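Each remark here refers to the structure printed beneath this line.
Naming convention: chains lettered A, B, ... in sequence-line order (proteins, then strands); numbering from 1 in each chain. Small disclaimer: the values here were computed from a predicted structure and weren't measured.
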There are 2 protein chains.
Amino acid sequence: MPAPDITVLEPAAQRGHIAKRVSILDAAANVFCREGYGGANIDMIAAEAGVSRQTVYNHHGDKTNLFVAVVREITERTNAGVFATLATFPDQPRDLEADLIDFAMRLNRNCVCNRDGKFLRKLIQTEGERYPELFETWRTDGPGKTWAALAARFARLAHAGLLEMDDPDVAARQFLALINADLQMSFVLGITPTEEELRTAATNAVRTFLRAYGKSGRQPAENAPSPPA
Amino acid sequence: MPAPDITVLEPAAQRGHIAKRVSILDAAANVFCREGYGGANIDMIAAEAGVSRQTVYNHHGDKTNLFVAVVREITERTNAGVFATLATFPDQPRDLEADLIDFAMRLNRNCVCNRDGKFLRKLIQTEGERYPELFETWRTDGPGKTWAALAARFARLAHAGLLEMDDPDVAARQFLALINADLQMSFVLGITPTEEELRTAATNAVRTFLRAYGKSGRQPAENAPSPPA
DNA sequence: AGAAAATTAGACAGCCTTGTCTAATTTGTC
DNA sequence: GACAAATTAGACAAGGCTGTCTAATTTTCT
């Protein structure tokens with residue numbers, strides 16, 4: 001009874017109810033992610049949620065339903081996170097390189113390297129072909145719009161004379177590919193990169209990106225004792 | 001007593017025997033790739049191999065064994081393929097851009113977009129954490145050596161004055177990341193890219209790579225009506 | 001306190017899968 | 001053709017998982 005409000009809007013005994021609901025969803029996400037759909041079983045999920053098996057069925061019907069609910073939730077949360085991060089893009093950069101590096105770090109840290117990112121990578125890889133409709137909203141609302149939005153930001157920077165590029169869509173995809181280049185091995189091993197690895201990866205990526213698309217002539221090469229100008 | 005050989009080198013009635021063996025391995029690879037380890041069952045594999053279930057057990061013992069055999073075979077084949085392709089790197093390029101584009105296409109076509117590449121991506125994603133030792137030989141003999149070998153080639157080109165880079169290892173990883181940038185969506189959807197998509201992806205990647213690392217000043221931008229020199 | 005709703009443990013049937021076994025059949029060699 | 005090995009279909013037990021059901025218990029609201 002944490003909130004004995006007077007004009008109760010909430011149905012009734014739903015405080016602990018929804019607590020259990022999210023607990024189940026959360027546990028299910030972990031187990032599905034760890035074991036895959038086929039390898040996951042309801043008892044594991046119930047145990048990890050601290051709930052009886054029957055309660056799982058009460059809340060979500062059957063296994064397929066539960067899986068769909070998990071995918072939907074994580075998809076929505078991930079897409080929201082991506083766009084929140086996209087909103088921090090340096091539209092009016094003070095130091096373009098530094099600002100892009102920070103942006104790249106935020107993108108990797110908040111959207112790619114967290115639990116949800118890992119889950120989606122894995123699930124889409126394993127079940128994406130079998131249940132394409134399941135991930136359709138992810139596909140259209142996620143990468144599709146992400147690329148377009150990022151491309152628009154780059155186009156604006158180019159229009160402002162800070163970048164020079166032919167096709168902003170290609171540049172956006174390449175930016176995303178570059179910021180993950182150094183993290184591939186971590187992804188494969190399931191390791192969460194340290195903050196330092198994140199910074200190194202972002203720095204390498206942005207330097208190369210700016211060497212290719214920066215306006216101010218070729219950068220003097222990352223940290224090398226390059227020839228004088 | 002499987003070999004009552006006199007002077008026989010080949011065990012005996014092994015002609016059709018080994019035929020079935022590879023047939024089983026091949027079918028198992030397909031089924032494991034499609035269904036994952038947990039979702040695959042021996043009957044599917046036997047049916048797809050055109051063989052009775054018992055024969056599968058005769059050849060490979062149990063399911064785990066079969067899986068290990070499949071992973072080992074595909075790992076070896078893939079690593080061999082990667083190094084064969086790596087051997088076609090343009091060490092003495094006539095037209096650096098064109099030659100790198102062709103090389104990138106070969107890499108993608110022969111190592112990344114084929115069935116084995118797809119299988120490994122999927123399997124490593126799903127089972128890599130659970131059975132790390134299974135993919136250890138892949139990890140050490142595959143990406144580890146690939147990156148080093150590619151980095152060495154780039155370093156040689158840089159030494160020859162054709163490229164300008166600070167860290168060849170970073171450049172190698174970025175090259176591999178870039179040539180896949182445009183294919184991410186196909187990977188997710190499980191689609192095999194067309195030859196034309198392959199060429200576009202390789203062209204975009206190599207042009208950006210050379211804008212960043214090419215020696216001959218900044219390239220005039222992909223296919224844009226850029227300002228005159 | 002008392003009533004209504006939610007939760008729990010446990011049992012249960014039905015289904016699928018693995019791995020073994022057997023008896024009949026095919027294949028390949030001498 | 002005869003013999004040995006491999007293969008086959010089918011049955012089979014053991015075990016796991018899903019989803020349902022029930023009766024007892026706890027939680028929550030009035």
Side-chain angles (χ1 to χ4, degrees), chain A residues 1-28 30-32 34-70 127 130-131, chain B residues 1-28 31-32 34-70 127 130:
Chain A
M1 60 203 70
D5 46 344
I6 309 125
T7 55
V8 197
L9 287 164
E10 309 230 352
Q14 297 268 328
R15 218 51 40 77
H17 191 62
I18 63 164
K20 286 198 188 295
R21 179 170 228 102
V22 313
S23 165
I24 292 169
L25 235 46
D26 199 61
N30 280 326
V31 175
F32 280 135
R34 214 172 47 232
E35 317 284 342
Y37 179 80
N41 73 24
I42 304 289
D43 293 295
M44 280 188 220
I45 293 171
E48 196 154 322
V51 148
S52 79
R53 178 171 58 252
Q54 185 61 46
T55 301
V56 177
Y57 283 105
N58 286 346
H59 277 274
H60 294 99
D62 62 11
K63 190 180 175 181
T64 306
N65 242 293
L66 175 57
F67 183 66
V68 171
V70 168
E127 322 286 348
R130 196 195 312 266
Y131 310 110
Chain B
M1 60 206 69
D5 47 343
I6 307 144
T7 52
V8 197
L9 284 166
E10 306 231 350
Q14 297 268 327
R15 219 50 41 77
H17 192 61
I18 61 164
K20 286 197 188 297
R21 178 170 228 104
V22 312
S23 165
I24 292 170
L25 236 47
D26 199 60
V31 175
F32 279 134
R34 216 174 43 233
E35 316 283 343
Y37 179 79
N41 73 23
I42 304 289
D43 292 295
M44 281 188 218
I45 294 170
E48 196 153 322
V51 148
S52 80
R53 178 171 59 251
Q54 185 61 45
T55 301
V56 176
Y57 283 104
N58 287 345
H59 276 273
H60 294 99
D62 61 11
K63 191 180 175 181
T64 306
N65 243 293
L66 176 57
F67 182 66
V68 171
V70 167
E127 321 287 348
R130 196 195 313 267

d([atom1], [X]; [atom2], [N]) in whole Å:
X	N	atom1	atom2	answer
A:Lys63	C:dC16	NZ	C1'	12 Å
B:Gln54	C:dT27	CD	C1'	17 Å
B:Asn58	C:dT20	CG	P	10 Å
A:Asn41	D:dC17	CG	C1'	7 Å
A:Arg53	C:dG10	CZ	P	11 Å
B:Tyr57	D:dA9	OH	C1'	15 Å
B:Ile18	C:dT27	CD1	P	18 Å
A:Lys20	D:dT26	NZ	P	13 Å

Looking at every non-hydrogen atom in both residues, tell me the closest pair between [X] and [Y] and how far apart they are.
X	Y	answer
A:Ala49	A:Ser23	O-OG, 3.0 Å
B:Gly39	B:Met44	O-CE, 3.6 Å
A:Ala40	A:Lys63	O-NZ, 2.8 Å
A:Ala27	A:Ile45	CB-O, 3.7 Å
A:Val56	A:Ile24	CA-CD1, 4.1 Å

Can a side chain N or O of [X] be found less than 4.0 Å away from OP1 or OP2 on [N]?
X	N	result
B:Thr55	D:dT8	yes
B:His17	D:dT7	yes
A:His59	C:dT7	yes

Exercise. Kindly assign one of parallel, tilted or perpendicular to the pair B:Phe67 and B:Phe32, based on the angle between their ring planes and the thresholds 30° and 60°.
Key: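 B:Phe67 and B:Phe32: perpendicular rings.
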Hey, what do you get for CG (B:Asp26) to CD (B:Glu48), rounding to the nearest 0.5 Å?
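One gets 8.5 Å once the value is rounded to the nearest 0.5 Å.
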request  = Give, ordered by number, those residues of residues 42-52 of chain A having at least one heavy-atom distance below 4.0 Å to an atom of DNA chain C; if nothing qualifies, reply none.
outcome  =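 Of all residues in residues 42-52 of chain A, the ones placing a heavy atom under 4.0 Å from DNA chain C are A:Gly50, A:Val51, A:Ser52.
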(message) Could you tell me if the side chain of A:Leu25 sits less than 4.5 Å from the side chain of A:His60, heavy atoms only?
(response)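 They are in side-chain contact.
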Requested in this report: Quantify the bending of the helix from C:dA1-D:dT30 to C:dC30-D:dG1 as the angle between its end axes, each fitted on five pairs, to 10°.
Outcome: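 Helix axis angle between the two ends: 30°.
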Taking A:Tyr57 as the fixed residue, which of A:Asn65, A:Leu66, A:Ile42 is the one that meets the side-chain contact (heavy atoms from CB on, under 4.5 Å) rule?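 Exactly one pass, corresponding to A:Ile42.
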